[in-house]
Enquirer: 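I'd like to ask some things about the structure below.
Quick caveat, the model's predicted, so the values are computed rather than measured.
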Amino acid sequence: MLEKNELVVRDVLYGGVARRQILIGAIAISAPVFVSCTEEDGESIDDVNAGGPGVGDGAGGSGTTTSGTATTAPSATTSGTGGAGGGLGGARAGDAGGEGAGMLDLDPSMFDEAQRCTLTATDIEGPFFLDDNEFPDDTHLFRSDIREGLPGCELQLYFRLLDARNGCEPIPDAEVYIWHCNAEGFYSGFNGQDPSTPYSGPAERTPDNEERFCRGVQISDRNGVVGFRTIYPGWYRGRPVHVHLIARLRGQTTRLIVTQLYFRAALSQQIFESEPAYAARSTSIPQDSLDPQVGFGGPTIEDMEYEPGSGLVIGRLNLVVDGPKA
C-alpha cells in the first residue's frame, strides 16, 4: 500500500486514448470529468466528455425531468469555444485533441438559496478511505457516476467549494472526493463488514478487494461546483446515514476540508420506507443510525429534494473552507 504522500505516475486509457495520470497523496490528478444535467432526449443526468469527437452543439442546458419524478435536475452551461461538436460529449480539455473544446459548467444558481459564508463543520476522515492507486489496474475513481449498477434510490449531490478567506469566492480546480456505503450498509474495497454491528476496526486499513462502488472524485469548475450521481446511502449501526468528503487543490497535499455529511433523520426514514432497495431493512433501523445530531461534527445537508417513491433525491451544499493562504 502506498503512503498518502507518495507520488506515482501511470498511464490510463480514456476512450482508447492513453493519458498520463499523476497520483499525489490520497487523490489522483487528472483532467476533469464534467457532469451533464441535460440530454436532448430528456434522459436523466449522465457522464459526458468521454473523449473523441463531440456530439451536440455545446449549447447550455435548461434542466431535465428525470424518469419517475417531477424533480428537475440543476441546469448546466458551457464555457470555452468548443471545437467541432464541442460542449456536450466533446473532448475534455487536456485530452489528446481536446484543447479548445467546450467544457461543461454546472449552473451555480442552484445554490442561490444556500448563500452563507460560514465555515462548513469538519469531521474525522473515518474508516474505509482508499487511494486511487491502491491496486495497479484498479477502477479509476475520477468519475461522476459512482453507482456501478447498484440498486438504490438515485442521489444527485452537488457541492460548491467556497473560500472564506476571500469573501466566499469559488475555488476552482480542486479535487472533491466522496465515498459512502451502499443501500445495504457495506463499503466497497473492504471485507469483514457487518452493518448490524458498529465498526470497531482500524481507521486506516489495507483494501481487501477491488470493488469501488460509491466512490468518486471530481474537479471543481470555474464556479467551484462539482456533481456526483450515486445512490442514497443505507444505514449501519452506530453511525447516522452519511457521506465522507475530502477536498484539496490539485497538486497539493494539504486538504481544504475533511468532513462527513449527514442527512435529516426524517428524510432517511422516508426513503428507506418508500424505496424498494431499502425496504427489507427499514423496520429495524436503530435511532443512532438515523439521527445526525447525536455527537457528530459534520454538517447536515438541508437543501434536499425528494418525492416519496420517485427514485430520485437531489442534494446541494456550499462547502465553505478556510482557503489556501496567499
Side-chain angles (χ1 to χ4, degrees), residues 42-46 64-73 126-128 143-158 178-200 209 211-216 227-245 260-296 298-317:
E43 293 181 355
S44 59
I45 181 174
D46 203 355
T64 183
T65 299
T66 304
S67 176
T69 178
T71 304
T72 301
F128 306 123
R143 53 191 184 160
S144 62
D145 190 334
I146 59 178
R147 297 173 297 171
E148 296 194 3
L150 290 178
C153 181
E154 180 175 338
L155 173 61
Q156 296 177 12
L157 282 175
Y158 301 94
I178 68 170
W179 72 99
H180 61 84
C181 68
N182 65 8
E184 296 181 336
F186 292 94
Y187 285 86
S188 61
F190 300 91
N191 300 333
Q193 301 174 59
D194 181 3
S196 65
T197 303
Y199 178 73
S200 59
N209 61 64
E211 292 180 333
R212 293 296 178 267
F213 57 80
C214 300
R215 297 180 181 274
F228 294 92
R229 188 183 190 187
T230 185
I231 61 172
Y232 198 86
W235 64 269
Y236 60 91
R237 186 177 290 274
R239 295 298 316 284
V241 179
H242 62 281
V243 170
H244 301 259
L245 182 145
Q260 298 182 46
L261 312 174
Y262 300 95
F263 302 90
R264 297 189 307 274
L267 175 65
S268 295
Q269 185 77 60
Q270 190 176 43
I271 290 171
F272 295 159
E273 293 176 352
S274 302
E275 301 294 340
Y278 311 88
R281 306 179 70 229
S282 65
T283 59
S284 58
I285 308 173
Q287 192 60 34
D288 64 3
S289 297
L290 288 175
D291 191 350
Q293 304 304 320
V294 182
F296 296 97
T300 301
I301 305 178
E302 297 292 342
D303 187 0
M304 303 289 292
E305 298 177 15
Y306 175 63
E307 180 180 331
S310 65
L312 174 65
V313 183
I314 296 177
R316 307 171 184 86
L317 180 69

Enquirer: Nearest heavy-atom pair of C153 and L312: which atoms, and what distance?
Expert: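 So the two residues come closest at SG-N, 3.6 Å.
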Enquirer: Counting only heavy atoms from other residues, nucleotides and ligands, does the tally under 6.0 Å from CD of Q193 exceed 12?
Expert: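 Count over threshold, so yes.
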Enquirer: Rounded at 0.5 Å granularity, tell me how far CD in E154 sits from CZ in R147.
Expert: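 Here the rounded value is 5.0 Å.
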Enquirer: How long is the straight-line distance from CD of Q269 back to OG of S289, given to the nearest 0.5 Å?
Expert: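 Between atom OG of S289 and atom CD of Q269 there are 11.0 Å.
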Enquirer: Rounded at 0.5 Å granularity, tell me how far NE2 in H244 sits from CD in Q260.
Expert: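 Reported to 0.5 Å precision, the distance equals 4.5 Å.
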Enquirer: Test S268 against every option in Y278, Y232, W235, Y262 by the side-chain hydrogen bond (donor to acceptor under 3.5 Å, both in side chains) rule and name the one that passes.
Expert: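 With S268 as partner, side-chain hydrogen bond (donor to acceptor under 3.5 Å, both in side chains) holds for just one option, Y232.
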Enquirer: Nearest 0.5 angstrom please: N182 CG to I146 CD1, how far?
Expert: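 Those atoms lie 11.5 Å apart.
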Enquirer: Between atom OH of Y158 and atom CZ of F228, what is the distance when rounded to the nearest 0.5 Å?
Expert: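 The CZ atom of F228 is 11.5 Å from OH of Y158, to the nearest 0.5 Å.
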Enquirer: If you take the centroid of each ring, where Trp contributes its six-membered ring, are F263 and H180 closer together than 6.0 Å?
Expert: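 No - the distance between ring centres of H180 and F263 does not fall below the 6.0 Å cut-off.
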Enquirer: Write out all pairs satisfying salt bridge (charged side-chain N to carboxylate O under 4.0 Å, His left out) with one or both partners inside residues 263-286, taking only residues at least two apart or from two chains.
Expert: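 Only R264-E302 qualify under salt bridge (charged side-chain N to carboxylate O under 4.0 Å, His left out).
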Enquirer: When the aromatic ring centroids of F213 and F186 are compared, is their separation below 6.0 Å?
Expert: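 Between F186 and F213, which both carry aromatic rings, the centre distance is not below 6.0 Å.
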Enquirer: Do M304 and L155 come close enough that some side-chain heavy atom pair is under 4.5 Å?
Expert: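 Yes - at least one pair of side-chain heavy atoms lies under 4.5 Å apart.
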Enquirer: Evaluate the side-chain contact (heavy atoms from CB on, under 4.5 Å) criterion for residues V241 and I271: first the C-alpha distance (whole Å), next the side-chain angles of each, then the deciding distance (0.1 Å), finally the verdict.
Expert: CA-CA 12 Å; V241 179; I271 290 171; over 6 Å; no
Enquirer: Could you tell me which non-hydrogen atom of T230 sits nearest to which non-hydrogen atom of C214, and how far apart they are?
Expert: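 Closest approach of T230 to C214, heavy atoms only: OG1-SG, 4.2 Å.
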Enquirer: Heavy atoms, side chains only, cut-off 4.5 Å: are L157 and I301 in contact?
Expert: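 Yes - at least one pair of side-chain heavy atoms lies under 4.5 Å apart.
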